[in-house]
**Q** 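This structure is in structure tokens; I'll ask about it shortly.
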Amino acid sequence: MKRLFNKWVLIVLAVALAVGGLYVYRRFFARGPVNNQRSSMLIPATRGEISVEVAAGGSVEASVVQDVTAAARGTLLALYVEEGDSVKKGDTIAVLDDDSLQQEIEAIEENLKRQEKAYDDLVKSVEDFYVKAPVDGRIKSLKAKVGEDAGTTMKVHGALAVISTAEKMLASIRPENNVSLQKGELVDLVFEDGSVIHGRVSDSVSGLTIEVDSDEYPIGSKVSVLNKNGIFIGEGTLELKEKVSVTVNTGFIDEIYVKENDRVKIGDKLFKLDSSDIEEEMDSLKKEIEKLKEDLAEKKAQLDDLTVTAPIDGIITSLPAETGDELLKGSTIATIMDLTRMQLKVSVDELDITKIQPGQKATMTLDALPDRTYEGEVVKIKDVGQYSSGVTTYEVLISIKDPEGIRVGMSANAKIQTAHKENAVLVPVEAVMQIGGESFVMVGSPAADSPSRPGSRNQGGMRAVQPNPGSFSREAGPSPSGNLRKVEVGIMNEDYAEIVSGLEEGELVVVQSTTSSGGNGGFGGFRMGREIRVPAVGSRPQGVWRP
């Protein structure tokens, strides 16, 4: 029984080995009906520009849309536009009506007039607290003091001050030593301190009166009178020839505006009596008047706001209000869209959104305008994404430069340039291999016997070798030879790779491509179904290659 079991095991193993061998033969060695088109080319590293782009689709919208709102409460009296109308900034959109607002304005104006009259009356009454000069002249005998009761000063001195009006002073004396003087005769007046002034006899009939042509000397000063020969005539005191007293009934002296011997004109302010009570009332009225003026200006501004104007140029896209509607402040009357400033709203996948930054350049094509490409730049990126069907996308707004011909709502595709290099060393991405996390290219030259093989020259003069079908199998025929070289790769797109270091312009790199319609798959991990376009030597490739 055991031998029989072993026999069947051996039979099963033999069958398995036979089947496996047949598979290996067909997979790697059988030539069979397989149509493989493989090519291996030497392409020079060239200098040019390379761009990395993120593609996204979306629709066009106006970048400036503004609601026209009511700035005051009122009834919509008239509407002067319809949907689709073009308007300019400042054009009248609508007019509101508010009878109660007009009544409020009239009431404030009446109250303001009353308060202003009351204030003017107080200002006039304050004038009564100023003591003014009744005549022209010189201030003499100034007795008033700040803070004192004017009534008390009047009782003690008979006046707050005296004003000399004739600019002359007199000295009355009784002659001694029987000396006689004639009217008009000159004499000397000697003060107690020894100073001397000149005078003239003005009266010699009823006593002797000496007149001095100045009123600047202190009233009551004692003087000795001498004739022209220096003989003592007699003594007297100086008094004003003509004077007017400055008086007041009551009140405390708050301010004094003059000093002794100052000259004044009639109406000049001499003193100010305390008017603090009146001034407090005036301050209160002044504040009330200012508040009324502010209220009036605000109400009149609201009255002006009853005329609603367009804040921008544009097209009326909606009119949610109708004539006769009662509107509150802030109610929307119309919506204006500025069609001269448009933007494209696109959705960018979460894997690409980190590459997008405001200010990046973009190109756009529209389904409705296939023959034109528009330019713009990223202006806004929304921070919050939208999740749908397992994918999160983020809204990106792209301004459109010169949006002529574009209409709101049109579909468009954008390519946002996230990176760009000029004068970079470039090779096709197929030439770059990843080994152990590092980048390599195969740098080489045409195979020794390649001239005998079928082939052709590209426009740059480099040979594009077309081996026979199956030449990349284990029995591969002649192909470009080369050496593996480590390189540093910069930015890449679907066609180009920037070589930062490790490869110079003009050096040849091996690029392989496989097109297969049956049989075994691609060789060496290269992309399938891709035709490699060979750039001319010294050319400056722009943008990206399109297979």
**Q** Using the salt bridge (charged side-chain N to carboxylate O under 4.0 Å, His left out) criterion, which residues pair with K269? Sequence neighbours excluded.
**A**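 Once residues adjacent in sequence are excluded, K269 has no partner under the salt bridge (charged side-chain N to carboxylate O under 4.0 Å, His left out) criterion.
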**Q** Would you say the side chain of I406 lies within less than 4.5 Å of the side chain of Y374, judging by non-hydrogen atoms?
**A**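 A side-chain contact under 4.5 Å exists here.
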**Q** Report the distance from atom CD1 of I289 to atom CG of L112, rounding to the nearest 0.5 Å.
**A**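 So the gap between those two atoms works out to 6.5 Å.
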**Q** Side chains of M442 and M433, heavy atoms from C-beta outward: is any pair under 4.5 Å?
**A**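 Yes; the side chains approach each other to less than 4.5 Å.
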**Q** Using a cut-off of 6.0 Å, state whether more than 12 heavy atoms not belonging to E255 lie near its atom CD.
**A**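 Enclosed: over 12 neighbouring heavy atoms sit under 6.0 Å from CD of E255.
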**Q** Counting heavy atoms not belonging to Q434, are there more than 12 under 6.0 Å from its CD?
**A**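 Atom CD in Q434 is packed in, count exceeds 12.
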**Q** Quick test of your reading of the model: are E281 and K286 salt-bridged, counting only N-O distances below 4.0 Å?
**A**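 No, E281 and K286 are not salt-bridged.
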**Q** Which residues pass the salt bridge (charged side-chain N to carboxylate O under 4.0 Å, His left out) test with R407, sequence neighbours left out?
**A**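 So R407 forms no salt bridge (charged side-chain N to carboxylate O under 4.0 Å, His left out) with any residue.
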**Q** Using a 6.0 Å cut-off, check whether atom CG of D367 has over 12 heavy atoms from anything other than its own residue.
**A**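 Yes, because the 6.0 Å sphere around CG of D367 holds more than 12 heavy atoms from other groups.
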**Q** To check you understand the geometry: which heavy-atom pair defines the closest contact between I93 and T309, and what is its length?
**A**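 The pair with the smallest heavy-atom distance is CG1-C, 3.8 Å.
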**Q** Which donor-acceptor pairs under 3.5 Å do side chains of residues 337-344 form with protein atoms, sequence neighbours excluded?
**A**
| unit_1 | atom_1 | unit_2 | atom_2 | d |
| --- | --- | --- | --- | --- |
| D338 | OD1 | T340 | N | 3.0 |
| D338 | OD1 | T340 | OG1 | 2.6 |
| D338 | OD2 | T340 | OG1 | 3.4 |
| D338 | OD2 | R341 | NE | 2.7 |
| D338 | OD2 | R341 | NH2 | 2.9 |
| Q343 | NE2 | E61 | OE2 | 2.7 |

**Q** Report yes if the side chains of L292 and Q115 come closer than 4.5 Å at any heavy-atom pair, otherwise no.
**A**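 Yes, side chains in contact.
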**Q** Check whether R73 reaches the backbone of L328 with its side chain - one donor and one acceptor, N or O, closer than 3.5 Å.
**A**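 Between the backbone of L328 and the side chain of R73 there is no qualifying donor-acceptor contact (under 3.5 Å).
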**Q** Quick one: do K287 and D283 make a salt bridge, cutoff under 4.0 Å?
**A**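 Looking at D283 together with K287, the answer is no, because their closest N to O distance does not fall below 4.0 Å.
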**Q** Going by salt bridge (charged side-chain N to carboxylate O under 4.0 Å, His left out), name the residues that satisfy it together with D274, two or more places apart in sequence or in a different chain.
**A**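 Partners of D274 under the salt bridge (charged side-chain N to carboxylate O under 4.0 Å, His left out) test: none.
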**Q** If you define the side chain from C-beta out and look only at heavy atoms, does anything of I312 sit under 4.5 Å from K89?
**A**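 I312 does not reach K89 side chain to side chain.
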**Q** Before accepting this row, confirm whether a basic side-chain N of the pair D254/K272 lies closer than 4.0 Å to the acidic partner's carboxylate O.
**A**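 Salt bridge: yes.
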**Q** Determine yes or no for a side-chain-to-main-chain donor-acceptor pair under 3.5 angstrom, with N493 supplying the side chain and S51 the backbone.
**A**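 At least one qualifying donor-acceptor pair exists.
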**Q** Could you pull out all residues at least two apart from E350 that satisfy salt bridge (charged side-chain N to carboxylate O under 4.0 Å, His left out)?
**A**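 None.
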**Q** Check whether any side-chain heavy atom of Q66 sits under 4.5 Å from a side-chain heavy atom of T335, and report yes or no.
**A**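 Sidechains of T335 and Q66: no contact.
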**Q** For the residue pair V346 and N413, establish whether any side-chain heavy-atom pair is separated by less than 4.5 Å.
**A**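 No, their side chains stay 4.5 Å or more apart.
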**Q** Would you list the atom pairs, donor with acceptor, under 3.5 Å between side chains in residues 392-399 and any protein atom, with sequence neighbours excluded?
**A**
| unit_1 | atom_1 | unit_2 | atom_2 | d |
| --- | --- | --- | --- | --- |
| E395 | OE2 | K382 | NZ | 3.3 |
| S399 | OG | E377 | N | 3.4 |
| S399 | OG | E377 | O | 3.3 |

**Q** So, D120 and K117, do they make that salt bridge, N to O below 4.0 Å?
**A**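 Judged by the 4.0 Å cut-off on N to carboxylate O distance, D120 and K117 do not form a salt bridge.
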**Q** Is the CD atom of E375 crowded by more than 12 outside heavy atoms at less than 6.0 Å?
**A**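 It does not: E375 CD has 12 such atoms or fewer within range.
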**Q** Can K300 and D295 be counted as an ion pair, charged N to O under 4.0 angstrom?
**A**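 Salt bridge absent between K300 and D295.
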**Q** Take atom CD in E127; do more than 12 heavy atoms of anything else shown fall under 6.0 Å from it?
**A**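 More than 12 heavy atoms, drawn from other residues, nucleotides or ligands, come within 6.0 Å of this atom.
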**Q** Ion pair present between R485 and E507, side-chain N to carboxylate O less than 4.0 angstrom?
**A**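 Answer for the salt bridge query: yes.
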**Q** Taking I108's backbone N and O only, do any of them form a donor-acceptor pair with N111's side chain (distance below 3.5 Å, no angle check)?
**A**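 Checking the backbone N and O of I108 against the side chain of N111, no donor-acceptor pair under 3.5 Å is found.
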**Q** Measure from the side-chain N and O atoms of D91 to the backbone N and O of K88, and report whether any donor-acceptor pair falls under 3.5 Å.
**A**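 Yes.
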**Q** Quick one: does any side-chain atom of T323 pair with a main-chain N or O of A78 as donor and acceptor, under 3.5 Å?
**A**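 No, the answer is negative, given that no donor and acceptor are paired below the 3.5 Å cut-off.
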**Q** Check whether any side-chain heavy atom of V123 sits under 4.5 Å from a side-chain heavy atom of M282, and report yes or no.
**A**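 A side-chain contact exists here, since the closest heavy-atom pair is under 4.5 Å.
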**Q** With a 4.0 Å cut-off on N to O distance, would you call E49 and K421 a salt bridge?
**A**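 K421 and E49: not salt-bridged.
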**Q** Compare all side-chain heavy atoms of I336 with those of V65 and state whether any distance is below 4.5 angstrom.
**A**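 Answer no - side chains too far apart.
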**Q** Taking atom CG of D85 and atom OG1 of T317, what is their separation to the nearest 0.5 Å?
**A**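 Separation between the atoms: 11.5 Å.
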